[in-house]
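All remarks here apply to the structure that follows.
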Amino acid sequence: MKKNLVITSLLGALTIILGAFGAHALKETLSIDQLKSFETAVKYQMYHVIVLLIINMYPTFSEKIKNILSYLFFAGILFFSGSIYAITLGVNPKSIWFITPIGGLFFIIGWLKLAYSFFKKDD
């Protein structure tokens, strides 16, 4: 769990750095559509950082469940947000177009696993 919280905290710091970078340094470089895509990646990253903090501090989830959920959301951030960052910074979208939906799928599976974990908990 400590490892997950450290990674999550670093992802949170990276989210702030990337958000500021997008708002200031890329404002003059990117088109409005590219900037919106970049902002979407930052938002999804931050939403999932917050969820990761909650998951890893939730006392009734086992270490196994925390790890599974963390890895799913880490992968979602890497594939979804990471591919959008790459595309808006100049990587040819045709070469990595398939990565963004894979990241979205990791997010969806993570949310469904989270719902199942809450449903399965006996309180």
Side-chain angles (χ1 to χ4, degrees):
M1 178 180 70
K2 182 178 179 180
K3 174 186 66 165
N4 293 341
L5 286 169
V6 169
I7 293 169
T8 299
S9 298
L10 293 172
L11 285 170
L14 181 61
T15 306
I16 301 304
I17 292 165
L18 289 169
F21 178 67
H24 301 289
L26 297 178
K27 193 161 91 174
E28 303 298 323
T29 309
L30 299 179
S31 71
I32 291 175
D33 286 342
Q34 289 173 313
L35 198 54
K36 284 182 183 179
S37 291
F38 194 89
E39 289 172 355
T40 296
V42 171
K43 286 178 192 174
Y44 272 68
Q45 184 170 334
M46 183 53 86
Y47 298 153
H48 289 89
V49 163
I50 293 167
V51 171
L52 281 161
L53 285 172
I54 294 167
I55 287 167
N56 283 287
M57 295 174 70
Y58 190 68
T60 59
F61 281 160
S62 69
E63 287 295 309
K64 180 180 177 182
I65 294 299
K66 289 177 182 183
N67 284 333
I68 291 169
L69 291 167
S70 292
Y71 297 150
L72 287 166
F73 287 132
F74 290 155
I77 289 169
L78 177 66
F79 284 80
F80 183 84
S81 294
S83 65
I84 294 172
Y85 296 141
I87 289 167
T88 57
L89 295 175
V91 172
N92 184 350
K94 292 179 182 178
S95 64
I96 63 169
W97 66 267
F98 59 93
I99 294 176
T100 310
I102 291 171
L105 185 60
F106 277 120
F107 283 151
I108 292 166
I109 293 169
W111 282 104
L112 292 173
K113 176 66 177 165
L114 180 60
Y116 179 75
S117 297
F118 281 127
F119 177 75
K120 198 173 111 177
K121 276 315 273 171
D122 293 328
D123 288 327

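- Remark: Lys36 NZ to Leu30 CG distance equals 13.0 Å, nearest 0.5 Å.
- Counting heavy atoms from C-beta outward, Thr15 and Lys43 have side chains that stay 4.5 Å or more apart.
- Looking at heavy atoms from C-beta onward, Leu26 lies in side-chain contact with Leu89 at the 4.5 angstrom threshold.
- For the residue pair Leu35 and Gly22, the shortest heavy atom distance occurs at CD1-O, 3.4 Å.
- Atom CZ of residue Phe38 and atom CZ of residue Phe21 lie 6.0 Å apart, to the nearest 0.5 angstrom.
- Counting heavy atoms from C-beta outward, Phe80 and Leu105 have side chains that stay 4.5 Å or more apart.
- Applying the side chain to side chain donor-acceptor pair (under 3.5 Å) definition to pairs two or more places apart or across chains, those involving residues 85-99 are Gln45-Tyr85.
- Below 30°, between 30° and 60°, or above 60°: for His48 and Tyr44 the angle between ring planes is below 30°, a parallel geometry.
- Counting heavy atoms from C-beta outward, Leu18 and Leu14 have side chains that approach closer than 4.5 Å.
- The heavy-atom pair separating Gln34 from Ser31 by the smallest distance is OE1-N, 2.9 Å.
- In the hydrophobic cluster analysis, where Ile, Leu, Val, Met, Phe, Trp and Tyr join through side-chain heavy atoms closer than 4.5 angstrom, Ile54 is grouped together with Ile7.
- Using a 4.5 Å cut-off between side-chain heavy atoms of Ile, Leu, Val, Met, Phe, Trp and Tyr, with links allowed through other members, Leu78 and Leu11 fall into different hydrophobic clusters.
- Residues Trp111 and Val51 are in side-chain contact: their nearest non-hydrogen atoms beyond the backbone lie under 4.5 Å apart.
- If you take CD1 on Ile109 and CG on Leu114, they are separated by 13.5 Å, rounding to the nearest 0.5 Å.
- Taking CG from Asn56 and CG from Asn4, the interatomic distance works out to 4.5 Å, rounded to the nearest 0.5 Å.
- Interatomic distance, CE of Met46 versus CD1 of Ile77, reported as 10.0 Å (0.5 Å rounding).
- Rounding to the nearest 0.5 angstrom, the gap separating the CG atom in Leu52 from the OH atom in Tyr71 is 11.5 Å.
- Taking hydrophobic clusters as Ile, Leu, Val, Met, Phe, Trp and Tyr residues chained together by side-chain heavy-atom distances below 4.5 Å, Ile55 shares a cluster with Val49.
- Note on Ile84 and Ile17: separate hydrophobic clusters, where clusters join Ile, Leu, Val, Met, Phe, Trp and Tyr whose side-chain heavy atoms are under 4.5 Å apart, directly or indirectly.
- Side-chain rings of Phe106 and Phe73 stay apart, their centers remaining 6.0 Å or farther from each other.
- Under the 4.5 Å side-chain criterion, counting only non-hydrogen atoms from C-beta, Ser81 is not in contact with Val42.
- With sequence neighbours left out, the side chain to side chain contact (heavy atoms under 4.5 Å, CB included) criterion links Ile65 to Phe61, Ser62, Leu69, Lys113, Ser117.
- Taking the six-membered ring for Trp and the full ring otherwise, Tyr58 and Phe118 have centroids separated by under 6.0 Å.
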